[in-house]
**Student:** 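Got a structure for you, written out below as structure tokens; questions coming shortly.
Order of the sequence lines sets the chain letters (A, B, ...), proteins ahead of strands, with each chain counted from 1.
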There are 2 protein chains.
Amino acid sequence: MVNGEKLILDGNAVADSMKLQLEGRIKRLKERGITPCLATILVGDDPSSATYVRMKGNACKRLGMTSMRVELSASTTTEALIAAIRELNEDRSVHGILLQHPVPHHIDERAAFEAIAIAKDVDGVTAVGYAQNAFGYADYPSCTPAAIMAILAYYQLPIGGKHAVVIGRSPILGKPVSVMLLNADATVTTCHSRTSDLAALVRMADIVVAAVGKPKFVQGDWIKPGAVVIDAGYNPGNVGDVDYEACLANASAITPVPTGVGPVTIATLLKHTVHAAEKLGG
Amino acid sequence: MVNGEKLILDGNAVADSMKLQLEGRIKRLKERGITPCLATILVGDDPSSATYVRMKGNACKRLGMTSMRVELSASTTTEALIAAIRELNEDRSVHGILLQHPVPHHIDERAAFEAIAIAKDVDGVTAVGYAQNAFGYADYPSCTPAAIMAILAYYQLPIGGKHAVVIGRSPILGKPVSVMLLNADATVTTCHSRTSDLAALVRMADIVVAAVGKPKFVQGDWIKPGAVVIDAGYNPGNVGDVDYEACLANASAITPVPTGVGPVTIATLLKHTVHAAEKLGG
């Protein structure tokens, strides 16, 4: 979608293209008696998390895949959560496991992530999955970083030799997208809350990735004319981490919220689950 | 050591301080009947690799530790190498395993690294070790990156809020040191052979880490006045990746070669092996 000289990076178009490719693969799996199944685990009753899990389940259904929803109370212990994950690891009808984060504070999230079998880690949250992604050969890189790369690829936006500035350093977003951009030959600067003069660094960027979790954090005058702006944030009220209208003025290409990175993240999760079903069988 | 206004970051001083702390720990282990043992594996007859392995073995001996040298011919298969590693994994007298790299081209180096038990991965080369380091809780981060952090800590050079520019993106040096600096609250730019206008980026750096493997690659006029320069390179003829004399002119602090990062890397390896012996016992 082109808005004047601006390219609006429509995540729905990318997601639709990915799902189209999945349809044939799912059909062939079903001919073998295998229906790809994503198990989602929701701990507690955070309404946004519940919405995310529901969206993922619905997306599975629309493609003819199965989703299994495991819902645990907010008082679930780390041990009980790990036991539930291990059951899903053993369940041959389950091909992918997604633990919706954040989990309640009393749970050891890292221990829970590590309990997911690497062969079913379609969200790329285990240590081994993280490292395989950093080394450039992961089957299942973290879904949001992989979605960002898919958007850049779909719109044929060059990465090699470009300077990418990533704002955020979380283990599921800022860090893995930094290393994926690096593996795609970008020069990568990773910024965060302790960065001095963030605006000056962002102004150098050919590609800006906002993954900071603060509404409208990235300002229009931080964007170098012609830069590509990827907004991986999603805050209450359908607001991203980027001041969209202001950044649109300088950017050559930009993802909107909520129809940018979000739908591609879900499509990536489905793609990984189909891939896992192909590898694991029934 | 101060040279005029310049701080020469003497790796021998850092290494000596680390070894001093290890002496008491080794003594206590020996009282329990445990002598920390590092197994080194050398495949083929590359003279530099043989020298490195010998240096590591000698460093063990000087501290009263044991080193076990496994030497395999250049024609060793991946399978045979992995079998040798598995034997060391099972050997209760061995606490740390170091596979000297590079290995000959026909060997699947990644598969060999992954065969090392995480509990004995004192060189931080496995995927799990890599990710634990990225997440900030590794027992054994890669030795050269950990040595760089130890030098900065020893000389009390601040990292938080500083802009670090790392030149190099290898899985054992550029990538892990980038993430360690990031975890220490630096803003980190990782550069490489595809970086456009490297000199301009390096000129922004408060901390420069050269890990590129090209003699005297980093030029004096790339260094911002007052920057800290860490040379992790080691090229034939005792030459680093930094044009030392030229960079000294602008830097506030700089590591020489060969008495900078090198000795601290070896001391780090010894420290990790002692730690492994404390954890694994005899």
**Student:** Could you tell me whether the side chain of Asp241(A) and the main chain of Gly213(A) form a donor-acceptor pair under 3.5 Å?
**Tutor:**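 Here the side-chain-to-backbone pair exists.
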**Student:** Tell me which of these, Gly129(A), Pro171(A), Gly161(A), Gly160(A), has more heavy-atom pairs under 4.5 Å with chain B than the rest.
**Tutor:**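 Of Gly129(A), Pro171(A), Gly161(A), Gly160(A), Gly161(A) has the most heavy-atom pairs under 4.5 Å with chain B.
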**Student:** Please step through side-chain contact (heavy atoms from CB on, under 4.5 Å) for the pair Val242(A) and Ile223(A), ending with a clear verdict.
**Tutor:** CA-CA 10 Å; Val242(A) 164; Ile223(A) 305 302; over 6 Å; no
**Student:** What verdict does the side-chain contact (heavy atoms from CB on, under 4.5 Å) test give for Ser252(B) and Leu7(B), after you've listed the backbone C-alpha separation in whole Å, the side-chain angles of each residue and the deciding distance to 0.1 Å?
**Tutor:** CA-CA 6 Å; Ser252(B) 65; Leu7(B) 185 62; over 6 Å; no
**Student:** So, Thr189(B) side chain and Thr189(A) main chain: donor-acceptor pair closer than 3.5 Å or not?
**Tutor:**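 No; judged by distance alone, with no hydrogens or angles, the pair does not exist.
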**Student:** Side chain, backbone, both or neither: which part of Val179(B) has a heavy atom under 4.5 Å from chain A?
**Tutor:**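 Contact with chain A is through the side chain of Val179(B) alone.
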**Student:** If only atom types and distance count, is the side chain of His163(B) paired as donor or acceptor with the main-chain N or O of Thr195(A) below 3.5 Å?
**Tutor:**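 Side chain of His163(B) to backbone of Thr195(A), a donor-acceptor pair under 3.5 Å: no, none is there.
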**Student:** Which residues from residues 130-147 of chain B are near chain A, with near meaning under 4.5 Å between non-hydrogen atoms?
**Tutor:**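 From residues 130-147 of chain B, the residues near chain A are Tyr130(B), Ala131(B), Ala134(B), Phe135(B), Tyr137(B).
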**Student:** The criterion is side-chain contact (heavy atoms from CB on, under 4.5 Å); which residues satisfy it with Pro215(A), sequence neighbours excluded?
**Tutor:**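 Here the qualifying residues are Asn235(A), Val239(A).
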**Student:** Are there more than 12 heavy atoms of other residues, nucleotides or ligands under 6.0 Å from atom NZ of Lys120(B)?
**Tutor:**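 Counting other residues, nucleotides and ligands, NZ of Lys120(B) exceeds 12 neighbours.
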**Student:** Apply the side chain to side chain contact (heavy atoms under 4.5 Å, CB included) test between Leu181(B) and each candidate in Val177(B), Asn183(B), Asp185(B); give the one that qualifies.
**Tutor:**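 The single option meeting the side chain to side chain contact (heavy atoms under 4.5 Å, CB included) with Leu181(B) is Val177(B).
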**Student:** Do you know which of Ala186(B), Ser178(B), Ala164(B), Cys191(B) has the most heavy-atom pairs with chain A at a distance under 4.5 angstrom?
**Tutor:**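 Top option by heavy-atom pairs under 4.5 Å: Ala186(B).
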**Student:** With side chains defined as the heavy atoms from C-beta onward, is the minimum distance between Val261(B) and Ile148(B) less than 4.5 Å?
**Tutor:**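 Side-chain contact under 4.5 Å: yes.
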**Student:** Tell me, out of Lys162(B), Arg169(B), Glu114(B), who's got the most heavy-atom pairs with chain A below 4.5 Å.
**Tutor:**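 Of the options given, most contacts go to Arg169(B).
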**Student:** Listed by residue number, which members of residues 197-208 of chain B have a heavy atom under 4.5 Å from any heavy atom of chain A?
**Tutor:**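 Under the 4.5 Å heavy-atom cut-off, Leu201(B), Met204(B) qualify.
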**Student:** Heavy-atom pairs under 4.5 Å with chain A are the metric here; pick the option from Val166(B), Val128(B), Thr126(B), Leu182(B) that has the most.
**Tutor:**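 When all of Val166(B), Val128(B), Thr126(B), Leu182(B) are compared, Leu182(B) has the most.
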**Student:** Under the rule for ring pair (Phe, Tyr, Trp, His ring centres under 6.0 Å), what residues qualify as partners of Tyr234(B), not counting sequence neighbours?
**Tutor:**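 Partners of Tyr234(B) under the ring pair (Phe, Tyr, Trp, His ring centres under 6.0 Å) test: none.
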**Student:** Surrounding CD of Gln219(B) (heavy atoms of other residues, nucleotides or ligands, distance under 6.0 Å), is the total greater than 12?
**Tutor:**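 Counting neighbours around CD of Gln219(B), more than 12 heavy atoms of other residues, nucleotides or ligands fall under 6.0 Å, so yes.
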**Student:** Backbone N or O of Gly96(B) within a donor-acceptor pair of the Thr273(B) side chain at under 3.5 Å?
**Tutor:**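 Here the side-chain-to-backbone pair does not exist.
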